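Working notes for the structure below.
Keep in mind the model is a prediction, meaning the values are calculated, not measured.
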Amino acid sequence: MPKLPKYERLYGEIAVNELFNQSKRFTSFPLRVHYALRPENAHTRFMVSIPKKLFKHAVDRNLLKRRIREAYRAYKPTISIDIAFVYASNEIASSEQIEKAVQKAINKITTTHLT
RNA sequence: ACAGUACGUCGGUUUGUCGCUGGCAAUGCAUAUUGCGAGAGGAAAGUCCGGGCAAUACAGGACACCGUGUUUCUGAAAGUAGAAGCUAUCAGUGAUGGUAGGUGAGCGCAGAAGAAAAUAACCGCCCGCAAGGGUAAGGGUGAGAAGGUGGGGUAAGAGCCCACCAGCAUGUAUGGCAACAUAUGUGGCUGUGCGUACCACGGAUUGCAAGACCAAGUAUACUGACGCAUGUAGGGCUGUCCGUCCGAUGUCAGGGGGUAGGUUGCUAGAGACUGUCUGCGAGGACAGUAGUAGAUAAAUGACAAACACCUUUGUUUACAAAGGCACAGAACCCGGCUUAUAGGCGUGCUGUUUUU
RNA sequence: GGUCCUGUAGUUCAAUGGAUAGAAUACGAGUUUCCUAAACUUUAGAUCCGGGUUCGAUUCCCGGCGGGACUA
């Protein structure tokens, strides 16, 4: 199984703002995906965001965040990009649904940019 | 046995694969890698109180403002903190639970209804030719109507007088550390609520995103010396006044703020657990034991299986199938309060029924 | 994380603790018109929830729920 160390995570105000200002985006229900290409040798970085407006309790947000992270870890992309997943549904999706959505999103990115 | 009530307590367990965040050890210049071990709660929540800790330019006084207000105790402290009591009141058959609590002299206010809402005379009753006077026994209203009932008394009436009862003030005795309770004597004859007023105690502000440091880089910040000025403008000390402290502007020299990033603060503490003694209790004393969550766009997980528990159905007295398994996630740390919480377990007490 | 403010008709606002919570506008019905608009008449509609204080609570107090602002 692939790992997910700290340097593969996207954080910091500047980096996040950069991604959201310059990214391409599309929806893979229940996720909205933002991504941007990076130079060849840089690490792929990713982040997850669950709006507080959709889920009031911290427990629910944590659960979704963990499920998305697990799914991302399983289907990590092979090219260098910054990627952000924003949750866009107001129901708690199952692990299966999230896995499918993440897989679909990453396949879409890799196929469009490799060819 | 069932129902209830108060207090305490638990709130899933195990295995496999993969992963995340610290700690220690080894290897390595280092990024890292390997091994060992650790990693959410009773409320981590709400932020309603109180502290620790930190920063600030905090002398003090008068008046004002705000908060609290039964007694004794506990505690570092508490402004709905806790324990055991007291008084009043509400709910309950009851165990029990909720709410309130300083003083009461003076002053102010109380819609509509009602004759009248407080030095009461509209109707009625009595005296009187009348004018006028006496009278709270009876009269709808109202949350509240001039202590209640009975008797005497009177022109008619009235605590005007008497008995009993309720309430208030006060003396004495007994019990209690005390609030207060009980008994008894005396007194006058007594409406309700709110506000104001007075008394006692407390109150600087901001909050770990406080604050400190690092490398990069630069100001009108800041520091020192000299000069100027009635230490002025302005500002701090909860507000105002007094008082007190800081204090803009020129020249020279030093110096390195904010912002973003990193490090630190950062976890051993008014700690936890067990036992003994002690106290009605909150607690206290002594002895022993084990170990230590510290993340930072924020770790503590994902998937699978088994077991335990609950519900329903079927067979039947233990199996099968299906479904469920609460509230909820640390962000500087403690003490309390409040709110959410499937399902258990223990102890005391209460009610009902049955048996002895 | 921390510090505050606020909640009244569908909407925007009123209401010393006092009788049946009041306006504007919107919606519905009617009049007018060949029809619509405008104008006029008129009906219905609300104190976020749960307790407490009080004779009486939108107002005062406590707890909960929702909405918003500031701080970085």
Side-chain angles (χ1 to χ4, degrees):
Chain A
M1 285 288 272
K3 297 189 171 180
L4 192 63
K6 170 130 190 200
Y7 55 80
E8 291 192 11
R9 273 187 257 145
L10 179 62
Y11 62 93
E13 203 177 318
I14 297 170
V16 173
N17 280 341
E18 215 168 279
L19 172 62
F20 277 90
N21 287 334
Q22 304 180 359
S23 65
K24 304 179 178 179
R25 64 182 156 193
F26 60 90
T27 306
S28 168
F29 188 82
L31 302 169
R32 200 167 72 235
V33 183
H34 295 247
Y35 74 100
L37 287 169
R38 299 194 73 206
E40 274 293 316
N41 295 324
H43 290 293
T44 295
R45 299 187 299 183
F46 103 110
M47 64 173 288
V48 180
S49 175
I50 319 287
K52 204 172 183 177
K53 286 221 169 188
L54 298 179
F55 298 99
K56 198 171 170 304
H57 294 296
V59 171
D60 301 332
R61 293 198 300 274
N62 275 348
L63 179 65
L64 287 168
K65 215 182 277 181
R66 283 164 180 162
R67 281 178 176 170
I68 292 169
R69 200 171 55 224
E70 283 298 317
Y72 173 78
R73 193 164 62 80
Y75 301 102
K76 252 192 339 192
T78 49
I79 57 169
S80 293
I81 51 168
D82 279 346
I83 185 162
F85 297 98
V86 179
Y87 204 80
S89 165
N90 54 7
E91 285 176 12
I92 297 172
S94 67
S95 300
E96 221 173 306
Q97 281 176 289
I98 289 173
E99 217 168 280
K100 278 183 191 165
V102 170
Q103 196 180 359
K104 196 177 130 197
I106 289 170
N107 281 341
K108 186 174 174 181
I109 294 169
T110 43
T111 48
T112 49
H113 288 286
L114 279 179
T115 52

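To the nearest angstrom, P of A299(B) lies 13 Å from CD of Glu70(A). Atom pair Leu63(A):CG and C303(B):P shows a separation of 8 Å (rounding to whole Å applied). Rounded to a whole Å, the CD1 atom of Ile98(A) is 9 Å from the P atom of C303(B). As a whole-Å value, the separation of Arg69(A) CZ from C20(B) C1' is 6 Å. A302(B) atom P lies 16 Å from atom CD of Gln97(A), rounded to whole Å. Between Ile68(A) atom CD1 and A299(B) atom C1' there is a gap of 17 Å when expressed in whole angstrom units. Across the protein-nucleic acid pair, Asp82(A) atom CG and A297(B) atom C1' stand 14 Å apart, rounded to whole Å. Atom-to-atom, CZ of Phe46(A) to P of C20(B) comes out at 12 Å; the value is rounded to the nearest Å.
Comparing C222(B) with A209(B), their C1' atoms sit 25 Å apart, to the nearest whole Å. C241(B) and G111(B) have their P atoms separated by 43 Å, given to the nearest Å. For A225(B) and A248(B), the P atoms lie 14 Å apart once the distance is rounded to whole Å. Spacing between C303(B) and G324(B) at atom P, rounded to whole Å, works out to 15 Å. Distance check on atom C1': U36(C) versus C49(C) gives 46 Å, rounded to whole Å. Comparing the same atom, C1', in A117(B) and in A136(B) gives a spacing of 16 Å after rounding to whole Å. Straight-line distance between the C1' atoms of C208(B) and U3(C): roughly 15 Å, to the nearest whole Å. For the P atoms, the distance from C53(B) to C252(B) is 47 Å, rounded to whole Å.
Checked against A297(B), C18(B), A302(B), the side chain of Arg73(A) finds its nearest nucleotide in C18(B). Candidate nucleotides A299(B), A297(B), A328(B) were compared by shortest atom distance to the side chain of Val59(A), and A328(B) ranks first. Closest to the side chain of Arg66(A), from the set C18(B), C303(B), A40(B), is A40(B). Relative to the side chain of Asn62(A), the nucleotides A40(B), C18(B), A302(B) differ in distance, and A40(B) lies closest.
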Please assess Phe85(A) against Val33(A) for the test side chain to side chain contact (heavy atoms under 4.5 Å, CB included), listing each intermediate value before the final yes or no. CA-CA 5 Å; Phe85(A) 297 98; Val33(A) 183; 4.0 Å; yes
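Under the 4.5 Å side-chain criterion, counting only non-hydrogen atoms from C-beta, Ile98(A) is in contact with Leu64(A). With contacts defined as side-chain heavy-atom distances shorter than 4.5 Å, the pair Ile106(A)/Tyr72(A) qualifies.
Across Glu99(A) and Ala71(A), no two heavy atoms sit closer than the pair CA-CB, 3.9 Å.
Between the OG atom of Ser49(A) and the CZ atom of Arg32(A) there is a distance of 8.5 Å, given to the nearest 0.5 Å.
Checking the phosphate oxygens (OP1, OP2) of G19(B), no side-chain nitrogen or oxygen of Arg67(A) falls inside 4.0 Å. Between Ser95(A) and C303(B), a side-chain N or O to OP1/OP2 separation shorter than 4.0 Å is present.
The partner of C73(B) is G82(B), judged by Watson-Crick or G-U wobble contacts that both fall below 3.5 Å. Across all strands shown, C168(B) pairs with G187(B); the Watson-Crick or G-U wobble distances both stay below 3.5 Å.
In this structure, Arg67(A) does not pair ionically with Glu70(A), as no charged nitrogen and carboxylate oxygen lie closer than 4.0 Å.
At the heavy-atom level, Arg61(A) lies nowhere under 4.0 Å from the strands shown.
In this structure, Glu96(A) and Asp60(A) both approach RNA chain B, and ranking their closest nucleotides by distance from the 5' end singles out Glu96(A).
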